[in-house]
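Let me begin by presenting the structure, written as structure tokens, before commenting on it.
We number each residue from 1, following the sequence as shown. Values reported hereafter were calculated over all heavy atoms of this structure, with side chains retained and with hydrogens, waters and symmetry mates removed.
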Amino acid sequence: MVKTPDELALLRVSGRLLASVFEMLDRQSLAGMSTLQVNDLVDRFITDDLAARPASRGQYGYEHVLNCSINHVVCHGVPCADDIIGDGDIVNFDITLEKNGFIADSSKTYLVGDVPPAARRLVRIAQEAMWKGIRQVGPGARLGDIGHAIEKHAKKNGFSIVREYCGHGIGRQMHEDPQVLNFGRPGNGMKLLEGMVFTIEPMVNQGSRKVATEEDGWTVVTDDGKLSAQFEHTVAVTRRGVEVLTLRGDEKATRSR
């Protein structure tokens with residue numbers, strides 16, 4: 001689970017490239033696009049512009065380069081030509097990228113057009129919950145510290161945390177140890193060591209935390225049909241604390257909030 005300095009250097013490259021994918025998406029007008037069009041746009045950008053590999057394609061038999069989860073979809077939404085992103089939607093894009101044998105993983109929930117205030121608040125709290133978890137990371141901290149901080153922030157604001165899916169170690173493989181739960185008890189769980197690399201990715205629901213998987217075997221939705229939002233970063237435990245390997249330019253001024 002502990003990466004060498006050389007491995008961390010390569011993971012930083014993958015993380016910076018993946019951050020640039022989201023910065024490219026930030027410049028797009030998403031309303032009116034199909035989720036398959038977004039998938040193909042990201043595919044070309046990663047492959048042609050970045051000379052990297054979309055790591056999700058082929059993983060566990062998955063055919064696409066990203067997951068796209070609109071409104072009540074919690075995670076693992078499958079791109080489709082018939083799924084059109086509309087004004088007022090919230091949509092999460094979960095993207096992985098491999099360069100030089102090392103994988104980075106990140107996701108962001110986008111506000112499309114005139115999004116209702118309640119949905120905007122959900123998205124804001126989900127992003128804040130991720131950062132609450134990230135700020136717990138450092139040598140000697142425990143995995144339970146991360147999950148506790150995430151769930152505490154969500155619950156305090158009237159939302160729930162999905163428990164069936166969680167963060168994970170990452171490196172040469174997309175999913176490595178340890179599992180990084182989005183709930184927990186402070187002071188409990190595995191002790192973090194300098195050089196560990198993993199994702200933190202809370203999924204925050206507007207209503208119940210219960211979820212269901214649709215017939216395609218991939219798409220996970222809220223059981224009550226209410227909205228869900230997710231954010232994710234790949235992070236490394238450093239001597240002084242934490243380094244966010246997939247940090248985007250728009251976050252550099254706000255990450256300490």
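For N182 (side chain) and G147 (main-chain N/O), no donor-acceptor pair under 3.5 Å exists by modelled atom type. Distance alone, capped at 3.5 Å, is enough to place a donor-acceptor pair between the D224 side chain and the K226 backbone. Counting only distance, with no hydrogens or angles, the side chain of Q127 and the backbone of V123 share no donor-acceptor pair below 3.5 Å. Listed for the D83 side chain is no donor-acceptor partner under 3.5 Å among the backbone atoms of P79. Although no hydrogens or angles enter the test, the distance criterion places a donor-acceptor pair under 3.5 Å between the side chain of E23 and the main chain of G249.
Residues passing the side-chain hydrogen bond (donor to acceptor under 3.5 Å, both in side chains) test with E194: none are found, sequence neighbours excluded. Qualifying side-chain hydrogen bond (donor to acceptor under 3.5 Å, both in side chains) partners for T35, counting only residues two or more places apart in sequence or in other chains: none. In this view, D216 and T219 satisfy the side-chain hydrogen bond (donor to acceptor under 3.5 Å, both in side chains) rule, not counting sequence neighbours. T96 is linked by a side-chain hydrogen bond (donor to acceptor under 3.5 Å, both in side chains) to S56, counting only residues two or more places apart in sequence or in another chain.
In summary, of the residues considered (D94, N92, D26), a side chain to side chain donor-acceptor pair (under 3.5 Å) with K108 occurs for D26 alone.
Residue pairs meeting the ring pair (Phe, Tyr, Trp, His ring centres under 6.0 Å) criterion with at least one member in residues 19-60, sequence neighbours excluded, are Y60-H175. The ring pair (Phe, Tyr, Trp, His ring centres under 6.0 Å) analysis of residues 226-252, with sequence neighbours excluded, yields the pairs W131-H233. For residues 107-128, the ring pair (Phe, Tyr, Trp, His ring centres under 6.0 Å) pairs, not counting sequence neighbours, are F93-Y110.
L36 places none of its side-chain heavy atoms less than 4.5 Å from the side chain of C80. Between Q136 and H148 the shortest side-chain heavy-atom distance does not fall below 4.5 Å. Contact check for V91 versus V38: no side-chain heavy atoms found under the 4.5 Å cut-off.
In the displayed structure, E164 atom CD is contacted under 6.0 Å by more than 12 heavy atoms of other residues, nucleotides or ligands. Atom CD of Q173 is surrounded by 12 or fewer heavy atoms from other residues, nucleotides or ligands within 6.0 Å.
Grouping the Ile, Leu, Val, Met, Phe, Trp and Tyr side chains by contacts below 4.5 angstrom, directly or via other members, places L8 with I170. Tracing side-chain contacts under 4.5 Å through hydrophobic residues (I, L, V, M, F, W, Y), one reaches M33 starting from V21; they form part of the same cluster. Both V42 and L97 are part of a single hydrophobic cluster, where members link through side-chain heavy atoms under 4.5 Å apart. Criterion: ILVMFWY side-chain heavy atoms under 4.5 Å apart, direct or through other members. Under it, F159 and V115 are part of a common hydrophobic cluster. In terms of hydrophobic clustering, with Ile, Leu, Val, Met, Phe, Trp and Tyr side chains grouped at heavy-atom distances under 4.5 Å, L11 and V2 are assigned to different clusters.
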Could you go through V235 and V244, starting from their C-alpha distance and side-chain angles, then the distance that decides it, and tell me whether this counts as side-chain contact (heavy atoms from CB on, under 4.5 Å)?
CA-CA 4 Å; V235 305; V244 182; 4.2 Å; yes
Before you tell me yes or no, could you show the steps for V220 and V162 under side-chain contact (heavy atoms from CB on, under 4.5 Å), namely the whole-Å CA-CA distance, both residues' side-chain angles and the distance that decides it to 0.1 Å?
CA-CA 11 Å; V220 178; V162 173; over 6 Å; no
As a quick check of understanding, evaluate side-chain contact (heavy atoms from CB on, under 4.5 Å) for V197 and T234, giving each step before the final call.
CA-CA 7 Å; V197 178; T234 297; 3.7 Å; yes
For the pair E176 and K3, evaluate salt bridge (Lys or Arg N to Asp or Glu O under 4.0 Å) and give the outcome as yes or no after the intermediate values.
CA-CA 12 Å; E176 301 178 353; K3 305 300 189 288; 3.2 Å; yes
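Separating the NE2 atom in H64 from the CG atom in D40 is a distance of 9.0 Å, to the nearest 0.5 Å. Taken from CD in E232 to CD1 in I134, the straight-line distance is 10.0 Å, to the nearest 0.5 Å. Here R185 contributes atom CZ and E151 contributes atom CD; the two are 13.0 Å apart, rounded to the nearest 0.5 Å. In this structure, CG in L50 is found 8.0 Å from CE in M24, a value given to the nearest 0.5 Å. A distance of 6.5 Å separates CG in D105 from CE in M174, rounded to the nearest 0.5 Å. Atom CG of L41 and atom CG of L30 lie 9.0 Å apart (nearest 0.5 Å).
Of all the heavy atoms in M190 and P178, the pair that sits closest is SD-CB, 4.0 Å. Smallest separation of non-hydrogen atoms from A81 and S34: O-CB, 3.5 Å. R248 approaches S107 most closely through the heavy-atom pair NH1-O, 4.5 Å.
When hydrophobic side chains of Ile, Leu, Val, Met, Phe, Trp and Tyr are connected at separations under 4.5 Å, I84 ends up as a singleton with no cluster partners. Summarising the hydrophobic clusters (Ile, Leu, Val, Met, Phe, Trp, Tyr; side-chain heavy atoms under 4.5 Å, direct or chained), the residues clustered with L181 are F183.
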Kindly list each side-chain donor-acceptor pair under 3.5 angstrom involving residues 65-78, sequence neighbours excluded, with atom names and distances?
unit_1, atom_1, unit_2, atom_2, d
N67, ND2, Y62, OH, 3.0
S69, OG, G77, N, 3.4
N71, OD1, I90, N, 3.0
N71, ND2, D89, OD1, 2.9

Run the side-chain donor-acceptor check on residues 198-207: report pairs under 3.5 Å with partners two or more places apart or on a different chain.
unit_1, atom_1, unit_2, atom_2, d
T199, OG1, H168, N, 3.0
T199, OG1, E201, OE2, 2.9
E201, OE1, Q230, NE2, 3.2
E201, OE2, H168, NE2, 3.3
N205, OD1, S228, OG, 2.7
N205, ND2, S208, O, 3.0
Q206, OE1, L227, N, 3.3

What donor-acceptor contacts under 3.5 angstrom involve side-chain atoms of residues 12-19, with partners at least two apart or in another chain?
unit_1, atom_1, unit_2, atom_2, d
R12, NE, E243, OE1, 3.1
R12, NE, E243, OE2, 2.9
R12, NH2, E243, OE1, 3.1
S14, OG, K99, O, 3.4
S14, OG, F102, O, 2.8

